[in-house]
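Structure, as structure tokens:
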Amino acid sequence: MAKAFCRRPLRGMEVAYLDCTGHVFPKHAHDEFVIGANWIGRENIWLDGKSLQAATDDITQYNPGQLQAGGAASGQDARWAFVSVYVDPAILPGCFDVSAHAVFDAAVCTQPGLARSLRTAAAHSLRRDLSDSEAAESLLPVLSKIFTSASFGLQRAHTSARPALNPVADRLMAELNAPPSLSDLAAEQGLSPVQLVRAFTRQFGLPPFAWLMIERLKLARRLLATGQAVATISANLGFADQAHFTRRFKAMYGVPPAAWRRG
């Protein structure tokens with residue numbers, strides 16, 4: 001259960017601090033680059049099928065669309081808190097002279113000095129007495145060092161590597177508040193439900209409705225940032241009820257949706 005949480009949206013970025021002692025994140029993904037450093041503790045990471053660990057001397061760098069999961073490495077009761085900066089790929093060329101299509105080659109990099117700098121800059125940027133411009137200028141130099149020192153590879157497009165089932169994903173997103181059945185989706189593709197699940201998982205990393213849940217929760221996060229009511233988002237995105245929405249959002253982001261909106 002999260003003990004403390006605060007966040008601040010900025011132009012092209014969002015910075016957050018989260019104490020997630022006792023929380024285990026299920027498989028999920030983000031549309032942004034996620035750059036983080038542990039404030040306290042060591043974490044176990046599952047990333048695109050690989051198991052990793054990160055401590056307070058490490059920088060974690062996740063690419064848009066990468067499936068990830070994780071929790072405290074020392075057990076459920078171990079203290080674990082971290083800072084994360086979500087960076088929109090669109091700002092990379094202008095801010096960091098990096099292609100918006102670049103991807104990090106390494107998810108965990110041991111850089112004690114940069115990790116300390118990121119924690120310090122994140123904490124400073126979360127101060128409420130600073131303007132957004134002052135908050136951003138404290139983060140940008142550290143992020144620039146991280147992007148400058150990183151090793152980048154070619155773009156890995158998680159949703160387009162095998163484009164055959166993109167129409168299934170498109171239909172799920174178009175009808176996310178009342179999605180079609182697995183049988184209907186499979187019949188459209190000339191597949192059995194089992195074949196569809198296997199093929200979709202190969203392309204997108206998750207079965208169709210697990211993937212759709214993540215996409216709904218990412219959309220919910222964006223809508224919360226606009227100030228929409230939790231009940232409205234829950235109803236519009238097709239959750240069974242507000243309690244269901246709250247449980248799933250908290251599992252993915254570590255805090256309930258109302259707390260996320262308040263920051």
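- Judged by distance alone, with hydrogens and angles left aside, the side-chain atoms of D57 form no donor-acceptor pair with the main-chain N or O of T110 at under 3.5 Å.
- Counting only distance, with no hydrogens or angles, the side chain of R216 and the backbone of G238 share a donor-acceptor pair below 3.5 Å.
- M173 places a side-chain heavy atom less than 4.5 Å from the side chain of L212.
- To the nearest 0.5 angstrom, L114 atom CG is 7.0 Å from K145 atom NZ.
- No donor-acceptor pair closer than 3.5 Å links the side chain of S125 to the backbone N or O of A136.
- At least one side-chain heavy atom of Y253 sits less than 4.5 Å from a side-chain heavy atom of H30.
- Side-chain contact check for L172 versus W211: some heavy-atom pair is nearer than 4.5 Å.
- Annotation: the span from F25 atom CZ to W46 atom CH2 amounts to 15.5 Å, rounded to 0.5 Å.
- The main-chain N or O of M13 is never found under 3.5 Å from a side-chain atom of E32 such that the two would form a donor-acceptor pair.
- The side-chain heavy atoms of I91 and F96, taken from C-beta on, include a pair separated by under 4.5 Å.
- The aromatic rings of F5 and W260 sit parallel, their planes meeting at an angle under 30°, below the 60° perpendicular limit.
- Distance CD1/I214 to CG/L219: 14.0 Å, rounded to 0.5 Å.
- For Y86 and Y62, the distance between ring centers is not under 6.0 angstrom.
- L143 CG to L118 CG: the interatomic distance, rounded to the nearest 0.5 Å, is 6.5 Å.
- In this structure, Y17 OH and R119 CZ are separated by 11.5 Å, a value rounded to the nearest 0.5 Å.
- Heavy-atom contacts from other residues, nucleotides or ligands closer than 6.0 Å to CG of D97 number 12 or fewer.
- The pair D58-R42 does not meet the salt-bridge criterion, since no charged nitrogen lies less than 4.0 angstrom from a carboxylate oxygen.
- Ion pair D132/R8 flagged as a salt bridge, since at least one NZ, NE, NH1 or NH2 atom sits closer than 4.0 Å to an Asp/Glu carboxylate oxygen.
- Between F239 and M213 there is a side-chain heavy-atom pair separated by less than 4.5 Å.
- Counting only distance, with no hydrogens or angles, the side chain of H28 and the backbone of L67 share no donor-acceptor pair below 3.5 Å.
- One finds the CD atom of Q195 at 11.5 Å from the CD atom of Q189 (value rounded to the nearest 0.5 Å).
- Panel note: side chain R261, backbone Q228; a donor-acceptor pair is recorded below 3.5 Å.
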